[in-house]
Amino acid sequence: MEHKDLRLSKSLTDFLKLSCAILVLSHHYAKYLFHNGVDNILVRILSTHGGFIGVAVFFFISGYGLMESEKRKHLSGSSFISKRISKVYIPAVLVSIIWIVCCNVLDYSILPPPFNERRVDLLSLSCSDRFW
């Protein structure tokens with residue numbers, strides 16, 4: 001019997017990660033809808049399970065990608081960390097800064113209650129103590 005290559009392609013894993021991100025966003029929106037009186041089977045499923053499944057699959061696929069990348073080209077510890085900082089940490093800080101500016105410019109009107117009732121805590125980069 002011939003051995004088949006079971007590796008996932010980069011385009012397929014990118015599509016799956018995008019699908020997982022959309023599933024997580026749908027989970028958050030479904031929770032918002034459910035707490036505002038919309039109640040149907042799709043909202044219930046997404047608000048209870050959607051985000052958790054999306055996050056689990058996203059992290060699994062990301063780990064798979066890191067493993068495949070390591071197989072192709074080994075990076076030293078410092079190279080790996082600097083690559084992660086440039087791909088993860090810097091964009092996260094930029095989005096946090098943009099979010100804080102938007103919250104202050106729009107006077108928190110973009111946030112649903114109870115998050116629109118508090119000022120931004122610049123130390124934790126959150127818009128509420130219930131954010132995390």
Practice task
Report, as yes or no, whether the 6.0 Å neighbourhood of atom CZ on Arg44 holds more than 12 heavy atoms from other residues, nucleotides or ligands.
Solution key: no
Problem - Sequence neighbours excluded, every pair satisfying salt bridge (Lys or Arg N to Asp or Glu O under 4.0 Å) that has a member inside residues 87-99 - result: none
Fill in the blank from the handout: Here the gap from His35 atom NE2 to Ser47 atom OG, rounded to the nearest 0.5 Å, amounts to 7.0 Å
Can you find a heavy atom in the side chain of [X] that is under 4.5 Å from one in the side chain of [Y]?
| X | Y | result |
| --- | --- | --- |
| Tyr29 | Leu25 | no |
| Leu33 | Leu46 | no |
| Ser19 | Phe15 | yes |
| Phe80 | Leu66 | yes |

Considering non-hydrogen atoms only, spot the tightest contact between [X] and [Y] and give its length.
| X | Y | result |
| --- | --- | --- |
| Ser62 | Lys17 | OG-CD, 3.6 Å |
| Ser86 | Pro91 | O-CD, 3.6 Å |
| Cys20 | Val57 | SG-CG1, 3.4 Å |

Practice task
Could you state whether Tyr32 and Ile41 fall into the same hydrophobic cluster, counting links through intermediate Ile, Leu, Val, Met, Phe, Trp or Tyr residues with side-chain heavy atoms under 4.5 angstrom apart?
Solution key: no
Practice task
Return the set of residues passing side chain to side chain contact (heavy atoms under 4.5 Å, CB included) with Ser79 (not counting sequence neighbours), or none when no residue passes.
Solution key: Leu75, Ser76
Handout entry: Under 3.5 Å donor-acceptor, Ser69 side chain and Gly65 backbone
Key = no
